[in-house]
Participant: 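Can you keep this structure in mind? I'll have questions shortly.
Each ligand, and each atom within it, is numbered from 1 in the order the structure gives.
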Amino acid sequence: MGRLDGKVAIVTGGAQGLGRADCEALIAEGARVLVTDINAEAGERLVRELNARRDGCAKFLRHDVTDEAQWVVAIDSAVATFGGLHILVNNAGIVIPATPEDTTLEQYRKHNAIMNEGTFLGCKHAIPAMAKSGGGSIINVSSVASHLGYPVFFAYTAAKGAVRAMTKSIAVWCQMQKYGIRCNSIHPGATDTPMLDAANKQLGLTEEFYTNSGPGLAKPEDIANVVVFLASDESRFVNGAEILIDNAAVIQ
Ligand SMILES: NC(=O)c1ccc[n+]([C@@H]2O[C@H](COP(=O)([O-])OP(=O)(O)OC[C@H]3O[C@@H](n4cnc5c(N)ncnc54)[C@H](O)[C@@H]3O)[C@@H](O)[C@H]2O)c1
């Protein structure tokens with residue numbers, strides 16, 4: 001028996017990094033997953049690997065989270081393929097290092113289009129499908145950047161702050177409507193993924209920087225383990241919470 005037997009999930013930005021680890025962990029616990037991403041090649045490759053482990057557990061859809069019409073297609077596709085929707089992981093994201101003075105309006109809007117607006121659109125369109133499916137769990141991937149002053153990731157911090165805040169309103173709304181849908185945000189610290197690798201290269205940072213500054217680097221599966229808990233009925237009374245997964249980085 002898996003902890004997520006019979007559940008259907010959508011994971012955005014699922015082709016690599018944290019999203020990929022989430023897909024693997026959700027499937028290992030019995031869920032079926034619509035993996036969505038703008039990177040179709042990596043997404044299709046992952047889905048082939050996942051289906052080789054358990055036939056029919058995964059499908060890929062090219063899906064840009066900034067596009068509302070594509071959200072409608074994604075939700076319909078999960079329901080049509082797997083028969084419902086119970087879990088949404090709003091994971092897709094980008095980071096372009098730039099300070100408040102250097103950030104262009106275009107960069108600021110791009111971060112917000114993907115992470116702030118993308119998360120909003122995902123929640124908005126998933127809620128009715130989840131309610132029809134008997135309830136569910138939305139997991140919004142924010143960051144410790146929503147708690148800290150992080151001037152080199154200025155636009156990123158703003159977008160992640162919006163994700164943190166909107167999560168609470170969605171949680172309260174769904175509770176008031178008696179939908180049986182919970183909504184929580186997770187706040188990873190620095191995690192070993194292609195995104196962090198690229199940012200490190202741009203900023204001239206090495207892994208030692210994270211180890212020497214205290215908490216070290218999380219592995220994607222450290223985050224995925226919490227996603228599985230929030231996706232499962234074990235967390236049925238956890239709603240509107242923000243869960244730091246940062247080895248005490250924020251409170252140090
Ligand atoms: N890695 C970290 O240190 C860290 C820490 C805290 C939070 N996060 C958050 O975790 C999430 C995943 O990050 P990651 O480190 O795995 O990054 P990543 O770059 O390795 O993966 C992100 C994925 O999102 C996809 N994506 C980008 N724009 C998209 C769009 N418009 N529509 C759909 N997909 C899109 C990319 O193609 C990629 O596959 C992000 O929201 C990130 O902000 C990461």
Participant: Could you tell me whether R45 and E49 make a salt bridge, using a distance below 4.0 angstrom between a side-chain N and a carboxylate O?
Facilitator: no
Participant: Is a side-chain donor-acceptor pair under 3.5 Å present for N140 with T119?
Facilitator: no
Participant: Students should be able to answer this: which protein heavy-atom is nearest to atom 32 (N) of ligand 1, and at what distance?
Facilitator: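 Among all protein heavy atoms, the one nearest atom 32 (N) of ligand 1 is V65 N, 3.1 Å.
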Participant: Taking only heavy atoms of G189, which atoms of ligand 1 are found under 4.0 Å from at least one of them?
Facilitator: 3 (O), 5 (C)
Participant: Against heavy atoms of D64, which atoms of ligand 1 measure under 4.0 Å?
Facilitator: 30 (C), 31 (N), 32 (N)
Participant: Within a distance under 4.0 Å of any heavy atom of G17, pick out the atoms of ligand 1 and give their elements.
Facilitator: 16 (O), 20 (O)
Participant: Check ligand 1 against N91 and write out every atom of the ligand that is under 4.0 Å from a heavy-atom position of the residue.
Facilitator: 10 (O), 11 (C), 12 (C), 40 (C), 41 (O)
Participant: For atom 6 (C) of ligand 1, find the nearest protein heavy atom and state the residue, atom name and distance (0.1 Å precision).
Facilitator: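 Closest protein heavy atom to atom 6 (C) of ligand 1: P188 O, 3.3 Å.
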Participant: Between E101 and T99, is there a side-chain donor-acceptor contact under 3.5 Å, judged purely by atom types and distance?
Facilitator: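 Looking only at side-chain atoms, E101 and T99 do not form any donor-acceptor pair under 3.5 Å.
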Participant: Should the heavy atoms of other residues, nucleotides or ligands under 6.0 Å from NZ of K110 be counted, would the total exceed 12?
Facilitator: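 No.
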Participant: Between R3 and L26, is there a donor-acceptor pair closer than 3.5 Å when you use the side chain of the first and the backbone of the second?
Facilitator: no
Participant: Please confirm whether K160 comes under 4.0 Å of ligand 1, counting heavy atoms of the residue only.
Facilitator: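 Yes, K160 has heavy atoms under 4.0 Å from ligand 1.
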Participant: Please confirm whether T12 approaches ligand 1 to less than 4.0 Å, judged on its heavy atoms.
Facilitator: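 It does not, in that no heavy atom of T12 comes within the 4.0 Å cut-off of ligand 1.
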Participant: Can a side-chain donor-acceptor contact be found between S142 and K160 if the only test is distance below 3.5 angstrom?
Facilitator: no
Participant: Where the side chain of N184 meets the backbone of A241, is there a donor-acceptor pair that is under 3.5 Å apart?
Facilitator: yes
Participant: Verify whether one side chain among K219 and T191 offers a donor that lies under 3.5 Å from an acceptor in the other.
Facilitator: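 No.
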Participant: Please work out, at 4.0 Å between heavy atoms, whether the side chain, the backbone, both, or neither of I114 comes within that distance of ligand 1.
Facilitator: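 Within the 4.0 Å criterion, I114 contacts ligand 1 through side-chain atoms alone.
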Participant: Considering distance alone, does some N or O of L18 sit under 3.5 Å from an N or O of ligand 1?
Facilitator: yes
Participant: With a cut-off of 4.0 Å, which atoms of ligand 1 are near a heavy atom of L196?
Facilitator: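 In order of numbering, the contacting atoms are 3 (O).
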Participant: Just jot down the ligand 1 atoms closer than 4.0 angstrom to any heavy atom of Y156, in number order.
Facilitator: 6 (C), 7 (C), 8 (N), 9 (C), 42 (C), 43 (O), 44 (C)
Participant: With a 3.5 Å cut-off and no angle check, do the side chains of T36 and R62 form a donor-acceptor pair?
Facilitator: no
Participant: Specify the protein heavy atom at minimum distance from atom 23 (C) of ligand 1: its residue, its atom name, and the distance to 0.1 Å.
Facilitator: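 Sorting protein heavy atoms by distance from atom 23 (C) of ligand 1 puts G13 O, 3.6 Å first.
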Participant: Taking atom 33 (C) of ligand 1 as the point of reference, which of K110, H63, M115 owns the nearest heavy atom?
Facilitator: H63
Participant: Any N or O of Q16 that comes nearer than 3.5 Å to an N or O of ligand 1?
Facilitator: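 There is such a contact, yes.
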Participant: Among all protein heavy atoms, pick the one closest to atom 3 (O) of ligand 1 and tell me residue, atom and distance.
Facilitator: T191 N, 2.8 Å
Participant: Tell me whether ligand 1 is touched by G118 - counting only heavy atoms on the residue side and a distance under 4.0 Å.
Facilitator: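 Checking ligand 1 against G118, which is what was asked, there is no heavy-atom contact under 4.0 Å.
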Participant: Between the side chain of H63 and the main-chain N/O of V35, is any donor-acceptor distance below 3.5 Å?
Facilitator: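 It does not hold such a pair.
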Participant: Are R20 and E221 ion-paired here, with the side-chain N under 4.0 Å from a carboxylate O?
Facilitator: no
Participant: For atom 17 (O) of ligand 1, what is the nearest protein heavy atom, given as residue, atom name and distance?
Facilitator: M195 CB, 3.1 Å
Participant: Suppose I only count heavy atoms of A92 and a 4.0 Å limit; which atoms of ligand 1 are within that range?
Facilitator: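 Matching atoms, with element in brackets: 24 (O), 33 (C), 34 (N), 35 (C), 41 (O).
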Participant: Show me which atoms of ligand 1 lie under 4.0 Å from any heavy atom of P194.
Facilitator: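 Counting from 1, the qualifying ligand atoms are 20 (O).
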Participant: Where on S142 is there a heavy atom closer than 4.0 Å to ligand 1, on the side chain, on the backbone, on both, or on neither?
Facilitator: backbone
Participant: Do E24 and R53 sit within salt-bridge range, that is, some charged N less than 4.0 Å from a carboxylate O?
Facilitator: yes
Participant: Using modelled atom types only, decide if a donor and an acceptor are shared between the side chain of D64 and the backbone of I38 within a distance under 3.5 Å.
Facilitator: no
Participant: Taking atom types as modelled and ignoring hydrogens, do the side chains of H187 and S146 form a donor-acceptor contact shorter than 3.5 angstrom?
Facilitator: yes
Participant: Of the backbone atoms (N, CA, C, O) and the side-chain heavy atoms from C-beta on, which set of R20 has a member under 4.0 Å from an atom of ligand 1: side chain, backbone, both, or neither?
Facilitator: neither
Participant: What is the nearest protein non-hydrogen atom to atom 29 (C) of ligand 1, stated with its residue, atom name and distance?
Facilitator: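 Scanning the protein heavy atoms, the shortest distance from atom 29 (C) of ligand 1 goes to I38 CD1, 3.7 Å.
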Participant: For the 3.5 Å polar cut-off, considering only N or O atoms, please tell me whether T193 and ligand 1 meet it.
Facilitator: yes
Participant: Checking a contact table here: which protein heavy atom is nearest atom 36 (C) of ligand 1, and how many Å away?
Facilitator: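 For atom 36 (C) of ligand 1, the nearest protein heavy atom is D37 OD1, 3.5 Å.
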Participant: Is a side-chain donor or acceptor of R32 paired with a backbone partner of G56 at a separation under 3.5 angstrom?
Facilitator: no
Participant: Just to be sure I'm reading this right: ignoring hydrogens, which of G93, A145, A218, P220 gets closest to atom 27 (C) of ligand 1? Compare them by their nearest heavy atoms.
Facilitator: G93
